[in-house]
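Below is one structure, written out as structure tokens; comments come after it.
Numbering of ligands and ligand atoms starts at 1, following listing order.
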Amino acid sequence: MTATPFHAVDVPFHAGVPFHVYDTTLRDGAQQEGMNLSVTDKLAIAAQLDELGVGFIEGGWPGAVPKDTDFFARAAKELTLRNAVLAAFGATRKAGLRAGNDPQVRALLDAGTPVVTLVAKSDVRHVERALRTTREENLAMISDTVSFLAGEGRRVVLDAEHFFDGYRYDAAYALSAIRAAHDAGAEVLCLCDTNGGMIPSWVSGIVSEVVEALGGSAVVGRTGDDGRPAGPVIGMHAHNDSGCAVANTLAAVEAGATHIQGCVNGYGERTGNADLIAVTANLQLKLGMDLVGEHGLREATRIAHAISEVTNISPFARQPYVGQSAFTHKAGLHASAIRVDPDLYQHMDPKDVGNDMRMLVSDMAGRASVELKGRELGFDLSDRKDVLAAVTDRVKHDEARGYTYEAADASFELVLRDELGELPRYFETQSWRTIVETVPDGHTPADVYGPEAEAFAEATVKMTVGAERIVATGEGNGPVDALDRAVRQALTPVYPELERFELIDFKVRILDNEQGTDARTRVLVETSDGERSWSTVGVGPNVIEAAWEATTGAYVYGLIKAGVAPAR
Ligand SMILES: CC(=O)SCCNC(=O)CCNC(=O)[C@H](O)C(C)(C)COP(=O)(O)OP(=O)(O)OC[C@H]1O[C@@H](n2cnc3c(N)ncnc32)[C@H](O)[C@@H]1OP(=O)(O)O
Ligand SMILES: CC(=O)C(=O)O
């Protein structure tokens, strides 16, 4: 693979200028529907964010959300951060109060963080209709609160809520709000697209005008003699309602912003915030800015998934950079070019964000896909053109009948081994049958057949294992369970490894459902041996036959991986 991705730009952007990567997963991310983080969860996520290399972690709103107050108290004792500093989030003082007398503002001080981020109104319509105060009082609320907190030694970030909408409505007032904060000592003026409706050209236009109006932010060529920003640090906080949060953040940076806010995995209220990993990867890998260091980005996939574990929200497979499908290739034409050079169909090396390239084999595969998938599974097929052609044909034929190998790597390996003549014959099935008993609604088998009765179904299998013919029976909750018990009864004495195999997922899909009872059924099963898991597929005229193929395939695959030799 070549070292330089095709679209990387060589010129470092904002060279030498301090740049802030500010994470708000624990505050704005936690505003996502369905997210409910405990204090322990928040501490665990903060540690991961620090490892990613962000500079600021906004931990929540102390004084407003009791868990967030606890978070800052526990973080002070339990959290050791190597890269980041903590920020406490809150609002400007209430109208008519002194900042120092507003309990909400005092709670921000009590959080003990070096940074305090204040949300402030910058859209005059919000001042008049939501805050129900005057334009002047809102500016005083900003100015008083910032100067009070700065006077107490806090670095202050101002989150100018609805800045872009406000600027489009009344630019002079929006500018006066952030100017008030700057004059009172705010270090960062972060422009928020609170409703998430902006598009990149609007953002870059407005940010450029703000940079111009405030005497210049940290744009290249706009630094003072000491190399520090000539004007206030301008930030960007984007929501994704128009699907443009990442693009809007990049547009703001290209227009001069040097502070970016976002959430890992794009968490956040409504459609989420700018995905901080995508923003950071774009800026670092495409524009040459060193934001979280090479190490941080190389950990990004692991960290994104570790955070998903804590939030208990399944990772999004198609998430840019870190999703499971981000570097996964299905089309045969792609695979044939990737075999020559992965960069031909990838915008970057997945390793740079800790992700991996994967190949899928399906009816869209060609011989190159099979060769690359084989390589992924440990088979060198480069000079086995006969096998490549046979496997490709078989996959296309099977998929036309309802199989899906892209979701069943283990079944694909069994096909490959079969065509290579390397498929061990652990057993031969002569026949199987299963009988389902029904009992009246609301009853159990025990009610009907007596206290010893446990099962609704029974099964018999006839198999040969080596030279031995075996007949075994099983009882279960249903026909698939009964058959599985019968197979285990038959095979476990010869292959005790089977005892460790456990079915952990079972998915049934009716194919061609317009054909009613003639439809075919596909079953995908996931099996585990306690250490690893694998997926197999079966297709049949009914769920029992499909499940038989999928589960027996799973046992064969498991025995191969356990290094078991077939009985003689
Ligand atoms: C854009 C964002 O996402 S900002 C973050 C939003 N996050 C949250 O709201 C989560 C935490 N919020 C809370 O726990 C509560 O809403 C609290 C504790 C902050 C306030 O609760 P309450 O006192 O019951 O007020 P309520 O939520 O009904 O209304 C918010 C109040 O804050 C005022 N307010 C809103 N924005 C600001 C601001 N930037 N500066 C000062 N006051 C503000 C509103 O005018 C309203 O005042 P009112 O009570 O005098 O009418
Ligand atoms: C501050 C914030 O979260 C917003 O304006 O969206």
Within the 4.0 Å heavy-atom cut-off, what D28 brings close to ligand 2 is side chain

What protein heavy atom is closest to atom 1 (C) of ligand 2, reported as residue, atom name and distance in Å?
D159 OD2, 3.5 Å

Of K121, E269, R27, which has the heavy atom at the shortest distance from atom 36 (N) of ligand 1?
K121

How does R270 reach ligand 2, by side chain, by backbone, by both or by neither, if only non-hydrogen atoms under 4.0 Å count?
neither

Below 4.0 angstrom from a heavy atom of R27, which ligand 2 atoms are there? Numbered from 1 as shown, please.
1 (C), 2 (C), 3 (O)

What do you reckon, does Q104 put a non-hydrogen atom under 4.0 Å from ligand 1?
no

May I ask which of N195, L131, T194 has a heavy atom nearer to atom 43 (C) of ligand 1 than the others do?
L131

Counting each atom of ligand 2 from 1 as listed, which ones have a heavy atom of H239 under 4.0 Å away?
6 (O)

Residue and atom name of the nearest protein heavy atom (relative to atom 5 (O) of ligand 2), distance in Å to one decimal
T194 OG1, 2.7 Å

Is it the side chain, the backbone, both or neither of H162 that has a heavy atom closer than 4.0 Å to ligand 2?
neither

Heavy atom of the protein closest to atom 2 (C) of ligand 2 (residue, atom name, distance):
H237 NE2, 3.4 Å

Under 4.0 Å, heavy-atom basis, I'd like to know which part of A95 is in contact with ligand 1: side chain, backbone, both or neither.
neither

So for A130 against ligand 1, with non-hydrogen atoms under 4.0 Å, the contacting part is backbone

Looking at ligand 1, does H126 have a heavy atom less than 4.0 Å from it?
no

Main-chain N/O of D68 paired with K42 side-chain donor or acceptor, under 3.5 Å:
no

Do the side chains of R302 and E51 get close enough for a salt bridge, i.e. N-O under 4.0 angstrom?
yes

